[in-house]
Amino acid sequence: MRVTKYILPTLKENPSDAAVLSHRLMLRAGLMRKESAGMYAYLPLGLRVLRKITGIIKEEMDRAGAHECLMPELTNADYWKESGRWNTMGPEMFRITDRNGLEYSLGPTHEEAFTNLVRSVVSSYRDFPLNLYQINTKFRDEIRPRFGVIRSKEFIMKDAYSFDIDQNGLDESYNAMALAYRRIFERCGLETIPVQADSGNMGGSTSEEFMVASEIGEEVLLLCEKCGYRANSEKAEYKRADVINKTDADELKEFHTPGVKTIDDLVKFFRCEDDIFLKSIIYVYDGKPLMVVVPGSREVNEHKLKNHTGALELNLATDAVVEEVTGAPFGFAGPVGIKNTRVIYDVLVKNAVNAVTGANRKDYHYTGVNPGRDFMINEEADISTARAGDACPKCGASMYEKKGIEVGHIFKLGYKYTKSMNLSVLDEKGETVTPIMGCYGIGVNRTMAAVVEQNNDERGIIWPKTVAPFHVHLVGIAKSEEETAAVDKIYNLLLDSGIDVLFDDRKTSPGIKFADADLIGIPLRITAGKGFFTSGELELKERCAKDIINVPADKLVDKIRDYYK
RNA sequence: CGGGGUGUAGCGCAGCCAGGUAGCGCGCUUCGUUCGGGACGAAGAAGUCGGGAGUUCGAAUCUCCCCACCCCGACCA
């Protein structure tokens with residue numbers, strides 16, 4: 001491809017609305033442009049990278065036994081109503097009504113569509129196992145699109161759905177995907193950290209996320225220093241020390257604490273460690289109030305809480321509800337004396353001795369609060385978020401935190417969709433069975449951004465060979481017509497040899513060409529300059545290396561082929 | 001949605017506080033000299049100053065309303 005006939009709007013300066021490195025580089029290198037918030041147009045160069053990534057994904061999916069399909073983006077509301085998600089998906093699902101009043105969604109995900117497809121084409125256990133996938137656009141009305149392509153309203157996803165006759169089959173399908181995912185990301189030149197994850201509102205049990213470590217990651221990961229336990233903080237468990245403090249129990253006393261409402265306030269007021277306090281937070285789950293009690297320094301983990309309660313909807317209570325439950329305004333809630341409201345204690349709470357809690361009375365807290373005496377722990381669960389320094393649930397060693405970008409996620413879904421949508425077939429005994437599902441997603445553009453995020457230097461992008469938009473970047477520095485013709489010959493030689501070449505044939509200064517080459521980041525740069533016109537040798541430089549190798553024109557193609565072997 | 005911020009030429013910005021009719025750098029066009037790490041000179045083209053309303057003799061500048069975009073929090077590939 002000749003640059004003079006290509007569209008390659010590289011930018012010297014950082015666009016003002018791009019705060020994140022990959023976003024800046026993708027804009028500057030002319031890979032894409034913003035259409036509006038959370039929506040991006042891919043230019044030819046960017047599209048080439050996307051195609052490389054989807055190519056790798058397809059190869060690995062096919063190898064793992066999955067088959068490519070293509071579903072409509074517009075999905076009939078009836079199927080969503082069958083699964084129940086027309087109501088539970090919430091406002092992140094774009095909904096459309098046609099001229100006849102029929103409702104559709106712009107597909108945010110395709111469990112329903114694939115389940116519907118499969119039930120229309122299978123009739124026997126012999127049709128399984130079945131794993132179908134597609135690569136197409138997903139629409140999600142994100143609360144806040146950000147980081148360029150990393151969180152957008154419209155994005156390309158590879159989504160696969162496995163259907164098996166029994167749990168063993170699902171385990172096999174899932175493991176095949178787990179392996180395929182590792183291969184895909186490795187081939188894309190991405191270092192990923194697979195972690196245990198929460199399944200969220202997708203339903204199902206086991207799930208694993210593929211994370212790319214990054215400062216701009218929106219996920220917090222907890223990683224064990226010793227045994228390899230790795231989990232998303234939404235899911236991460238941690239071992240609690242079962243040290244029982246032997247201090248004698250003090251008397252329960254009301255303490256005047258005017259205007260002291262938060263744990264921070266309490267720490268300042270009492271001048272002591274935050275774990276002396278028990279944090280009592282009121283939630284509303286599926287319309288009912290709920291009190292949750294965790295140690296003062298801990299955060300309530302709403303994912304764990306949601307899983308524990310099985311709640312469809314879980315929100316912090318309004319001040320009015322808080323007052324209704326505790327009889328006091330916001331800031332003075334505590335478990336002592338709470339009746340007629342479900343109270344869930346984190347498993348750490350039972351170790352508390354002489355704790356401080358809200359007194360359920362305006363401007364008062366209790367001191368000397370002791371579980372078992374002042375309140376009963378009728379329901380306890382792991383509902384607090386693990387953090388750096390906590391003990392690994394497997395081996396007890398200390399865990400550390402890392403931030404990550406989620407590029408892939410695989411789930412064992414279970415029967416949620418096959419049951420609700422009545423997908424069933426006959427087994428070998430002639431009995432009706434309901435197949436079990438798994439689902440497996442990869443954010444394709446996000447993967448691209450993550451590759452950029454992980455492969456760059458101060459000059460620009462450094463594409464891994466496997467996903468680079470072109471094999472080589474030919475820089476011609478010709479002054480005369482003869483020289484131009486000589487470089488054209490090299491260009492044609494490369495084209496004829498089946499090498500993807502971006503040929504910078506612009507009549508501009510070499511400095512600009514080199515700077516653009518570094519910015520765009522094609523792995524190999526070939527310069528046809530002075531040396532070429534005198535001795536016939538071309539300069540070969542790897543984007544990631546410093547040294548330049550001189551190669552005679554007749555060895556050039558072999559050299560490039562060697563490099564890409 | 002809550003909090004913070006920005007909108008002036010294709011891009012990056014100044015001008016706004018103290019109203020007087022829009023400027024700088026890069027890019028772009030033409031010519032010349034250059035040309036292996038973002039060259040130089042000369043001459044040019046290009047702006048509904050995000051939109052609307054208001055105040056005023058006069059608004060990029062002051063007031064009000066709206067919109068878009070970015071950043072921080074709750075969703076997810």
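Chain naming here is simple, since letters A, B, ... match the order of the sequence lines and numbering starts at 1 in each.
- The listed nucleotides are B:C75, B:C72, B:A77; the one nearest the side chain of A:His303 is B:C75.
- Between the CD atom of A:Glu406 and the P atom of B:C75 there is a distance of 13 Å, rounded to whole Å.
- Contacts of A:Arg525 with the nucleic acid, taken as non-hydrogen atoms under 4.0 Å apart, include base atoms.
- Taking atom CD of A:Glu35 as the reference point, atom C1' of B:A68 lies 14 Å away to the nearest angstrom.
- Distance A:Gln134 CD to B:A77 C1': 13 Å, rounded to the nearest Å.
- Counting any heavy atom pair closer than 4.0 Å across all strands shown, A:Ala515 reaches a base atom.
- Here the P atom of nucleotide B:A74 and the CD atom of A:Glu299 are 10 Å apart, to the nearest Å.
- Among A:Lys513, A:Arg459, A:Arg28, the one residue that satisfies the salt bridge (charged side-chain N to carboxylate O under 4.0 Å, His left out) test with A:Asp518 is A:Arg459.
- Screening A:Val451, A:Ile56, A:Leu190 against A:Thr466 for a side-chain contact (heavy atoms from CB on, under 4.5 Å) leaves a single residue, A:Ile56.
- Distance from the side chain of A:Arg28 is smallest for B:G38 among the nucleotides B:G37, B:G38, B:C71.
- Annotation: B:G4 and B:A45 have their C1' atoms spaced 39 Å apart (nearest Å).
- Here A:Thr137 lies out of heavy-atom contact (under 4.0 Å) with every strand.
- Side-chain nitrogen and oxygen atoms of A:Lys530 include none within less than 4.0 Å of the OP1 or OP2 phosphate oxygen of B:C35.
- A:Gly511 comes within 4.0 angstrom of sugar-phosphate atoms only, judged by non-hydrogen atoms across all strands, and of no base.
- Residue A:Asp518 is in base contact, counting any heavy-atom pair closer than 4.0 Å across all strands shown.
- Across B:A77, B:C26, B:C71, the shortest atom-to-atom separation from the side chain of A:Phe147 is found for B:C71.
- Judged by atom type and distance alone, A:Asn14 does not reach the base of B:G12 through any side-chain donor-acceptor pair under 3.5 Å.
- The residue A:Glu302 sits apart from the nucleic acid: no heavy atom pair falls under 4.0 Å.
- Heavy atoms of A:Ile150 sit under 4.0 angstrom from at least one base atom.
- Between the C1' atom of B:G10 and the CD1 atom of A:Ile7 lies a distance of 12 Å, rounded to the nearest Å.
- Between A:Ser509 and A:Phe532, the residue anchored nearer the 5' end of RNA chain B, judged by the nucleotide with its closest heavy atom, is A:Phe532.
- Residue contacts shown for A:Pro9 are absent, as no nucleic acid heavy atom lies under 4.0 Å away.
- Here B:G12 is the nucleotide among B:C75, B:G12, B:G38 with the atom lying nearest to any side-chain atom of A:Glu13.
- Spacing between B:G50 and B:A59 at atom C1', rounded to whole Å, works out to 16 Å.
- One can place CG of A:Leu27 at 11 Å from P of B:C70, the figure rounded to the nearest angstrom.
- Looking only at side-chain heavy atoms (C-beta outward), A:Pro469 and A:Leu502 stay at 4.5 Å or farther from each other.
- Looking only at atom types and distance, the side chain of A:Ser22 has a donor-acceptor partner in the side chain of A:Glu453 under 3.5 Å away.
- Considering only side-chain atoms of A:Arg459, the nucleotide from B:G37, B:C75, B:G36 that sits closest is B:G37.
- Side chains of A:Leu305 and A:Val300 form a contact here, defined as non-hydrogen atoms less than 4.5 Å apart.
- Side chains of A:Glu218 and A:Ile405 form no contact here, defined as non-hydrogen atoms less than 4.5 Å apart.
- Counting any heavy atom pair closer than 4.0 Å across all strands shown, A:Ile512 reaches a base atom.
- Considering only the side chain of A:Asp17, B:C70 comes nearest among B:A77, B:G36, B:C70.
- Across the C1' atoms, B:U21 and B:C26 are found 27 Å apart, a figure rounded to whole Å.
- Counting atom types as modelled, A:Arg144 pairs no side-chain N or O with a base atom of B:C71 as donor and acceptor under 3.5 Å.
- Both distances falling under 3.5 Å, in either a Watson-Crick or a G-U wobble arrangement, place B:G23 opposite B:C13.
- Distance check on atom C1': B:U30 versus B:C69 gives 37 Å, rounded to whole Å.
- Taking atom CZ on A:Arg446 and atom P on B:C75, their separation rounds to 14 Å, with Å as the unit.
- Between B:C17 and B:C62, the two C1' atoms lie 11 Å apart (nearest whole Å).
- In this structure, A:Gly408 reaches the sugar-phosphate backbone alone: every heavy-atom distance under 4.0 Å involves primed, P, OP1 or OP2 atoms, never a base.
- A:Thr527 comes within contact range of at least one nucleobase, with a heavy-atom separation under 4.0 Å.
- At a threshold of 4.0 angstrom between heavy atoms, the contacts of A:Gly531 include nucleobase atoms, whether or not backbone atoms are also involved.
- Sequence order on RNA chain B of the closest nucleotides to A:Gly38 and A:Arg146 puts A:Gly38 first from the 5' end.
- Aromatic pair A:His23/A:Tyr40: centroids less than 6.0 angstrom apart.
- Taking the C1' atoms as reference points, B:U61 lies 13 Å from B:U55, given to the whole Å.
- Put simply, the side chain of A:Gln454 does not reach to within 4.5 Å of the side chain of A:Ser214, judged on heavy atoms.
- Looking only at distances, no side-chain donor or acceptor of A:Asn232 sits under 3.5 Å from a matching main-chain atom of A:Val195.
- For A:Met211 and B:A77, the CE to P distance is 10 Å, given to the nearest whole Å.
- Distances from the side chain of A:Ser16 to the nucleotides B:G37, B:C13, B:A77 place B:C13 closest.
- OP1 or OP2 of B:C70 has at least one side-chain nitrogen or oxygen of A:Lys34 nearer than 4.0 Å.
- If you take atom P in B:A53 and the same atom in B:A39, they sit 47 Å apart, rounded to whole Å.
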